[in-house]
Amino acid sequence: MPAPRVYAREEHPISRRQISPNALRVLYRLRDAGHSACLVGGAVRDLLIGLEPKDFDVATDATPEQVRQLFRNCRLIGRRFRLAHVMFGREIIEVATFRAGGEDDSETSHTDDEGRILRDNVYGTIEQDAVRRDFTANALYYAIEDFSVRDFVGGFADTQARVLRLIGDPELRYREDPVRMLRAVRLAAKLDFTIEPATAAPIPELAVLLESASNARLFDECGKLFMAGHAEASFLGLERHGLLAVLFPELARALRRDNSGGCRRLIIEALRSTDARVREEQPVTFAFLLAAMLWPAYADGVHALLGQGHPMTVAEQRSADRVVVHQCKRVAIPRRVSLVIEELWFLQSRLATRQRRRVMRILAHPRFRAAYDFLLLRAAAAPELQPEVAFWTAMQADGSAREAALEDAHRETAEEAEPGRNRRRRRRRKPKAQSES
Ligand code: ATP
Ligand code: MG
């Protein structure tokens, strides 16, 4: 480890004007009560590279109880390790006591057979607090007493070089907490950093350790990977480092069998449009993106079940159940999310109807707009869906355009229904597997 370094106020760009006034209040009050208090983690890192921090975390030598004495608007949370939350309306400043933990402290840290940390609830010094963090860029401290940045692990230089480097032995650190592999990919995508070679090297081999991580925690982590404006970069990072197959086994399989490239186009299109919407501050739902990521597996399932002679609704429900249950073993999709995913999927086959009454009912469906967007996504990957897109686009236009499109559709259907004239079976209700298109 490099010797600790202190970057004085004039050696770094962080100004108090960029720090949330509430975080400053917390820091000053702790300092005035005689404690040491620092801004730490993502906020310091983000400020150093000119990003606006999402939230401000504080680290201090005061115990949670002492913090509570100082702030009336304070709640203590966490059982394994107590943290103080100081509340200012909707803003919460998290205040954590310096703690030890990790491989440096074998007396106090307990790990299981695979090296995972079981308990790390021991207070420590600021140096110990630094080395138990994940990446050097995340272990910088902005001290309120002299406005300096304190660096115990070389994070200042790494941040300037835009490098993500695990503190300590990478393999050991991943075994302690496999989610750090996802954090590496996520932060590299978010910050546009490169993962330092020794930090990246063990990931493909250790990726399977994520199978035993909590699937609820993995869902949270996926939200941060895909809903924060860098979904495409996250996805490519997961793929490159061999993590995609652990998180989304069926998607990885569909991509392997994707000879036409349709499946890949669908996913990339979904990721890009999610990123674009985040950039434009339009609402995004994780359900929509997950529906796209799991669509190839769902559509293949429906196709197979129809082939076995099941009716459409049965095939759809069974395939959806199977894909969702299977996916939940890795990433726990909450019921409220999977319900939306299924609605989006089931609406896709219903979009094949041209019957006036059914068309009107679909247009009035609360999820129609999302289902239409989903159809656009599928069409970007499968051009044969263009007529369907044109029809539903016309349905949302003014009265005469809508009537004309309905008339056209009826004429076509009538011709097809006329016996002897055109015996082509209409199989449009069958969702086409993207991986085959
Ligand atoms: P973001 O900007 O996305 O919030 P972050 O680095 O702030 O990124 P958080 O999850 O908010 O990420 O974590 C805050 C800090 O806690 C990190 O900067 C890091 O120092 C430490 N930390 C978080 N997760 C881990 C982990 N799994 N192992 C070690 N340290 C961690
Ligand atoms: Mg954070």
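Values reported hereafter were calculated over all heavy atoms of this structure, with side chains retained and with hydrogens, waters and symmetry mates removed. Count residues from 1 along the sequence. Remember, predicted model here, so these are calculated numbers, not experimental data. Each ligand, and each atom within it, is numbered from 1 in the order the structure gives.
- Heavy-atom neighbours of Gln386 CD from other residues, nucleotides or ligands within 6.0 Å: above the threshold of 12.
- Within the 4.0 Å heavy-atom shell around ligand 1 one does not find Glu176.
- Heavy-atom contacts of Arg133 reach the following atoms of ligand 1: 15 (C), 16 (O), 19 (C), 20 (O), 21 (C), 29 (C), 30 (N) (cutoff under 4.0 Å).
- Against a heavy-atom cut-off of under 4.0 Å, Lys190 is close to the following atoms of ligand 1: 1 (P), 2 (O), 3 (O).
- Scanning both residues, Val389 and Tyr372, for their nearest heavy atoms gives O-CE1, 4.3 Å.
- Distance from atom 6 (O) of ligand 1 to its nearest protein heavy atom, with residue and atom name: Arg45 NH1, 2.8 Å.
- For ligand 1, the atoms sitting less than 4.0 Å from at least one non-hydrogen atom of Arg186 are 3 (O), numbered in the order shown with element in parentheses.
- Under the 3.5 Å distance criterion, with hydrogens and angles disregarded, no donor-acceptor pair is assigned to the side chains of Ser20 and Asn22.
- Using a cut-off of 4.0 Å between Lys/Arg side-chain N and Asp/Glu carboxylate O, Glu176 and Arg173 are scored as salt-bridged.
- Compare Met181, Arg180, Glu221, Arg217 by their heavy atoms: the one nearest to atom 28 (N) of ligand 1 is in Arg180.
- Close approach of ligand 1 to Gly41 (heavy-atom distance below 4.0 Å) involves ligand atoms 18 (O).
- Taking distance alone, with nitrogen or oxygen atoms compared against 3.5 Å, Asp57 stays at or beyond that limit from ligand 1.
- Considering backbone and side-chain atoms together, Arg183 places an N or O closer than 3.5 Å to an N or O of ligand 1.
- No more than 12 heavy atoms of other residues, nucleotides or ligands sit less than 6.0 Å from atom CD of Glu281.
- In terms of polar-atom proximity, defined here as any N/O pair under 3.5 Å, Lys54 does make such a contact with ligand 1.
- In this structure, Phe156 and Tyr7 have parallel ring planes: the angle between them is below the 30° cut-off, well short of the 60° mark.
- Nearest residue to atom 25 (C) of ligand 1 from Asp55, Leu182, Asp134 is Asp134 (criterion: closest heavy atom).
- For ligand 1, the atoms sitting less than 4.0 Å from at least one non-hydrogen atom of Asp177 are 26 (C), 27 (N), numbered in the order shown with element in parentheses.
- Side-chain atoms of Arg322 and Ser319 include no donor-acceptor pair closer than 3.5 Å.
- Cation-pi check for Arg378 over Phe374 is not met; the charged atom does not lie both under 6.0 angstrom from the ring centroid and within 45 degrees of its normal.
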